[in-house]
Amino acid sequence: MNAPIVQLQGVAKRFTLHHQNGIELPVLARVNLCVHPGECLVLDGPSGMGKSSLLKMIYANYLANEGSITVRSAQGALVDVTQVTPRALVQLRRDTIGYVSQFLRVIPRVSALDVVAEPLIEDAAGDARAQQAAYALARSWLSRLRIPERLWPLPPATFSGGEQQRINIARNMIKPKPLLLLDEPTASLDAANTATVLELIREALARGAALVGIFHDTHVGAAVATRRVNVADFRSVTPWA
């Protein structure tokens with residue numbers, strides 16, 4: 001088996017509740033996981049067990065209190081995101097880690113087409129032909145995810161929740177990356193669009209990406225999982241203890 005794309009060793013996370021006299025809320029402890037190319041690891045467990053916190057630690061939105069989280073970059077370097085510099089983290093997110101959350105955060109008044117094309121435009125570096133190709137691919141993704149063409153020039157902030165989620169999926173999957181984090185990517189989608197997202201996930205796996213996902217619908221997770229883990233297994237301590 002190929003070397004893992006991401007490996008967690010001895011990872012723990014605690015939140016300090018400053019408005020509660022500094023009480024520490026233990027969330028996760030002794031997390032040991034690795035995900036290889038072509039694997040989709042689905043995180044199971046009830047709400048509040050720390051599934052989203054685990055994804056956010058891999059993406060370095062949350063800092064782990066203990067342990068290491070090593071990501072193999074698109075260039076082959078091993079990067080511990082618990083120790084990474086801000087500049088190196090920006091590069092890692094640009095080339096290696098994609099993150100699809102339930103919420104779309106974009107600059108107001110930027111069109112849906114520009115939002116989706118942006119990850120490729122960044123790489124175009126002013127090359128007109130590369131920019132044209134980026135917009136052509138963005139149009140293809142918008143069509144595939146059933147965003148009406150009349151909406152493409154409009155800012156996604158004006159869209160419905162399901163449309164915004166599809167824009168988010170297109171933006172974060174249009175550029176192939178070795179590691180893809182999925183936080184309930186189909187939560188606001190109907191059956192047809194959910195089926196399309198499943199196709200996109202399978203295509204990412206086929207090209208060798210490593211995926212870590214949380215799925216609101218159990219049948220969706222079951223359709224793409226190559227392995228599952230119950231995050232409750234990492235709750236070795238009782239909250240508020």
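Side chains are part of it too, since the values below use all heavy atoms of this structure and drop only hydrogens, waters and symmetry mates.
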- [ ] Give the cluster check for Val110 versus Phe159: same hydrophobic cluster or not, with ILVMFWY residues linked at side-chain heavy-atom distances below 4.5 Å.
- [x] yes
TODO: Output yes when Asp123 and Arg94 qualify as a salt bridge under the 4.0 Å nitrogen-oxygen rule, no when they do not.
DONE: yes
Task: Nearest atoms (heavy-atom pairs only) where Ile174 meets Pro176 - done: O-CD, 3.5 Å
Open item on the list: If you define the side chain from C-beta out and look only at heavy atoms, does anything of Leu145 sit under 4.5 Å from Thr196?
Closed with: yes
Open item on the list: Under the ring pair (Phe, Tyr, Trp, His ring centres under 6.0 Å) definition, can you give me all pairs with a residue in residues 59-95, not counting sequence neighbours?
Closed with: Phe15-Tyr62, Tyr59-Tyr99
TODO: Examine Ile97 and Val90 and state if one hydrophobic cluster contains both, with Ile, Leu, Val, Met, Phe, Trp and Tyr joined whenever side-chain heavy atoms are less than 4.5 Å apart.
DONE: no
Task: Least distance between heavy atoms, Met57 atom then Leu28 atom - done: CE-CD1, 3.7 Å
Open item on the list: Tell me whether Ser111 contacts the main-chain N or O of Asp114 through its side chain, where contact means a donor paired with an acceptor under 3.5 Å.
Closed with: yes
- [ ] Locate the shortest heavy-atom distance separating Leu63 from Lys13; write the atom from each residue and the value.
- [x] O-NZ, 2.8 Å
Task: Glu149 atom CD, over 12 foreign heavy atoms within 6.0 Å - done: no
- [ ] Measure across Ala157 and Gln164 and return the closest heavy-atom pair with its distance rounded to 0.1 Å.
- [x] O-NE2, 3.6 Å
Task: Neighbour count above 12 (heavy atom, 6.0 Å) for Arg129 CZ - done: no
TODO: Using atom types as modelled and distance alone, determine if a side-chain donor or acceptor of Asn65 lies under 3.5 Å from a backbone N or O of Arg14.
DONE: yes
Task: Heavy-atom pair with the smallest gap, counting every atom of Val42 and Ala225 - done: CG2-CB, 3.4 Å
TODO: Show the numbers, then the answer: is there a side-chain hydrogen bond (donor to acceptor under 3.5 Å, both in side chains) between Ser68 and Asp80?
DONE: CA-CA 6 Å; Ser68 63; Asp80 184 349; 4.7 Å; no
Open item on the list: For Pro4, is there any backbone N or O sitting under 3.5 Å from a side-chain donor or acceptor partner on Glu39?
Closed with: no
TODO: Look only at the side chain of Asp127 and the backbone of Ala130, and say whether a donor-acceptor pair between them is shorter than 3.5 Å.
DONE: yes
Open item on the list: Under a 3.5 Å distance rule, please check whether Trp152 uses its side chain to pair with a backbone N or O of Ile147 as donor and acceptor.
Closed with: yes
Open item on the list: Show, in sequence, the C-alpha distance, side-chain angles and deciding distance for Val220 and Val197, and conclude whether the side chain to side chain contact (heavy atoms under 4.5 Å, CB included) test is met.
Closed with: CA-CA 10 Å; Val220 174; Val197 173; over 6 Å; no
Task: Side-chain donor or acceptor of Gln7 paired with backbone N/O of Cys34 under 3.5 Å - done: no
Open item on the list: How long is the straight-line distance from CD of Glu163 back to CG of Leu189, given to the nearest 0.5 Å?
Closed with: 11.0 Å
Task: Cationic N near anionic O, under 4.0 Å, Lys51 to Asp44 - done: no
- [ ] Would you name the heavy atoms of Val231 and Gly50 that are closest together and state the gap between them?
- [x] CG1-C, 4.1 Å
Open item on the list: Between the side chains of Lys175 and Glu122, is the shortest nitrogen-to-carboxylate-oxygen separation below 4.0 Å, so that they form an ion pair?
Closed with: no
